[in-house]
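In what follows, a structure is listed as C-alpha cells, so that the remarks can point back to it.
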Amino acid sequence: MLPIDHPRFRPAMKLIDEAQYADAARQLTEMEAGLSDKDRAGALFWKGVCFGRLGRFDDTMACVDDALRSVEPDSALGICLQLQQAYCFKRGEAPEAEIAAIRSVLSRYAKQFSTPDFFWQYLDAKTALGKRLLRAGQYSEGIAELQQVVLTEPRPAARYSARVWLHDAYYKAGDLDRAKEYLEDALKDAESAPKAQLPADHPALVRYELALIAYKQGRWADAERELALACAAAQNPKTLRVISKLSKLLHSHKSEPPSDS
C-alpha cells in the first residue's frame, strides 16, 4: 500500500525505524527526482512523517499537499495522506479541530479501515485521536480510544506511548492506582521496544512519575526507591532537576516529627 518494500526506500525506512528523521527526510528528498509520480507521492508521505516527528508541521502539510496532487484521494495512499493531513490540521491551535478531522477520515473510509491492509493506519489514527481527546480534556473518550489501542497494538513502543498517556489521564482524574498500573505496564513494554523508538530519557521519566505517585500516596520507601532508579537512569539535566526537587520534598516529609493525632 505504501512504498516501504521498494529497494530504493529501504535505507530511508531503516533510518525512520532508528528515529533518525532528519537524515531520512534528506535521503527521501534526494530520491524524489528519479521517481514516478506515484512513488514520489509515497516519498513525500514518508518525508511528511519525518517532519511531523521533528515538529515541523508546516513542512508536513507542504509534503501532503504536494503528494495529493499526484494521487487519487480515495486510493490507499490518498487515504493515508488525508490522515496525515488531519493529524496536522490547525496543529497546536485547536485540538477539537484535529479531533473532528481525524474522525471525518475514519468515518469516510470506515470500510477500508476495517480491512487488514489498513490495520497499522487504523491503530495510528486511534492513537492520535485518543491523545488529542485527552489534550482537549475529554478524558472518558480519550481513555476509551487508548484502551482499545492497548488491547490490539502489537508494537511495544506504541503500546508504551499509549500507556504513558493513559497514566496521565488517570493521574489527572485522581485515580493514582490505575495511573501506577499503566506506568508499570509501560516499563514492561519498553523492555522489548527498540531503544530508538522510546523517549530520550526513558526510563528516568517513568520512574519519576512512579515516585511522584508513591509520594502523593504517602509510600515514602517506594518513592525513595523509584527516585533512586530515576536518578541512575537520567541523562537530561532538566530531568535531574525535577528528580532533585521531588527528592527534597520527600526528605522534608520524612524528617517531619510524627503527628500527635
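Counting begins at 1 with the first residue of the sequence.
Side-chain contact between V150 and D185: absent, with no pair of heavy atoms (C-beta onward) separated by less than 4.5 Å. When side chains are defined from C-beta on, L83 does not count as touching F118, because their heavy atoms never get closer than 4.5 Å. A heavy-atom distance below 4.5 Å is not found between the side chains of E226 and L212. At a threshold of 4.5 Å between non-hydrogen side-chain atoms, the residues I99 and E141 do not count as touching. A 4.5 Å side-chain heavy-atom check between Y122 and T115 finds every atom pair outside the cut-off. Taking the side chain as every heavy atom from C-beta outward, E181 and R178 approach each other to under 4.5 Å. With contacts defined as side-chain heavy-atom distances shorter than 4.5 Å, the pair L246/Y208 qualifies. Using a 4.5 Å cut-off on side-chain heavy atoms (C-beta onward), L187 and L210 make contact.
Between A41 and A67, the closest heavy-atom pair is O-CB, 3.8 Å. The nearest pair of heavy atoms linking Y21 to I16 is CE2-O, 3.6 Å. Nearest heavy-atom pair across Q235 and A200 is OE1-O, 4.4 Å. For Q217 against L176, the heavy-atom pair with the smallest separation is NE2-CB, 3.5 Å. Looking at every heavy atom in both residues, A190 comes nearest to K195 through O-NZ, 3.7 Å. The two residues Q197 and A157 come nearest to each other via the heavy atoms OE1-CB, 3.4 Å.
In terms of modelled atom types and a separation under 3.5 Å, the side chain of R159 and the main chain of P154 share a donor-acceptor contact. Side-chain N or O atoms of T29 include one that pairs as donor or acceptor with a backbone N or O of A25 at under 3.5 Å. Judged purely by atom type and a 3.5 angstrom limit, R40 has no side-chain atom pairing as donor or acceptor with the backbone of L35. Side-chain N or O atoms of Y87 include one that pairs as donor or acceptor with a backbone N or O of A125 at under 3.5 Å. Side chain of D201 to main chain of A234: no donor-acceptor pair is present (N/O by atom type, distance under 3.5 Å, no hydrogens or angles). A donor-acceptor pair is defined here as one N or O able to donate and one able to accept, closer than 3.5 Å; no such pair exists between the side chain of R163 and the backbone of D189. The main-chain N or O of P203 is never found under 3.5 Å from a side-chain atom of R207 such that the two would form a donor-acceptor pair. A donor-acceptor pair is defined here as one N or O able to donate and one able to accept, closer than 3.5 Å; such a pair exists between the side chain of T152 and the backbone of Q148. A donor-acceptor contact shorter than 3.5 Å is absent between the side chain of S161 and the backbone of A158.
Separating the CG atom in L134 from the CD1 atom in I143 is a distance of 6.5 Å, to the nearest 0.5 Å. One finds the CG atom of L227 at 7.0 Å from the CD1 atom of I243 (value rounded to the nearest 0.5 Å). Going from atom CD of Q27 over to atom NZ of K14 covers 10.5 Å, rounded to the nearest 0.5 Å. Here L249 contributes atom CG and Y215 contributes atom OH; the two are 4.5 Å apart, rounded to the nearest 0.5 Å. C50 SG to L15 CG: the interatomic distance, rounded to the nearest 0.5 Å, is 8.5 Å.
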**OP:** Please report the C-alpha distance between Y160 and V206 in whole Å, then the side-chain angles of each, then the deciding distance to 0.1 Å, and finally whether the side chain to side chain contact (heavy atoms under 4.5 Å, CB included) criterion is met.
**Re:** CA-CA 10 Å; Y160 169 93; V206 174; 3.3 Å; yes
Original post:
Can you list the steps and then say if C80 with Q84 is a side chain to side chain contact (heavy atoms under 4.5 Å, CB included)?
Top reply: CA-CA 6 Å; C80 293; Q84 198 177 55; over 6 Å; no
**OP:** Test D124 against R155 for side chain to side chain contact (heavy atoms under 4.5 Å, CB included), laying out the working first.
**Re:** CA-CA 11 Å; D124 289 344; R155 296 167 294 183; 2.9 Å; yes
Original post:
Step by step, would you call K172 with D168 a salt bridge (charged side-chain N to carboxylate O under 4.0 Å, His left out)?
Top reply: CA-CA 6 Å; K172 288 176 178 174; D168 187 62; 3.1 Å; yes
**OP:** For side-chain hydrogen bond (donor to acceptor under 3.5 Å, both in side chains), just list the numbers for Q82 and R108, CA-CA rounded to whole Å, side-chain angles, deciding distance to a tenth of an Å, and then say yes or no.
**Re:** CA-CA 11 Å; Q82 288 178 71; R108 190 159 60 250; 2.9 Å; yes
Original post:
After noting the C-alpha distance and the side-chain angles of R53 and V49, does the key distance pass the side chain to side chain contact (heavy atoms under 4.5 Å, CB included) rule?
Top reply: CA-CA 6 Å; R53 302 280 172 81; V49 169; 3.9 Å; yes
Original post:
Is there a salt bridge (charged side-chain N to carboxylate O under 4.0 Å, His left out) between R225 and D222 once you walk through the steps?
Top reply: CA-CA 5 Å; R225 183 181 66 254; D222 289 342; 3.0 Å; yes
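With sequence neighbours excluded, the residues that form a ring-ring contact (aromatic ring centres under 6.0 Å, His included) with Y182 are Y170. A search for salt bridge (charged side-chain N to carboxylate O under 4.0 Å, His left out) contacts involving R56 returns D59, not counting sequence neighbours.
The aromatic rings of F113 and Y109 sit perpendicular, their planes meeting at an angle over 60°, well past the 30° parallel limit.
A single hydrophobic cluster is not seen to contain both V71 and M61; linkage of ILVMFWY side chains at heavy-atom distances under 4.5 Å, directly or through other members, places them apart. F119 and I102 are not part of a single hydrophobic cluster, where members link through side-chain heavy atoms under 4.5 Å apart. With hydrophobic clusters built from ILVMFWY side chains whose heavy atoms lie under 4.5 angstrom apart, V105 does not share a cluster with L123. If you chain together hydrophobic residues whose side chains sit under 4.5 Å apart, L146 and L198 never meet in one group. V242 and V164 fall within a single hydrophobic cluster, where Ile, Leu, Val, Met, Phe, Trp and Tyr are joined by side-chain heavy atoms under 4.5 Å apart, directly or via other members.
Side-chain contact of D74 with Q112: a donor-acceptor pair under 3.5 Å is absent, judged by distance alone.
The side-chain hydrogen bond (donor to acceptor under 3.5 Å, both in side chains) test with E145 singles out one residue from K126, Q138, R132, and that residue is K126.
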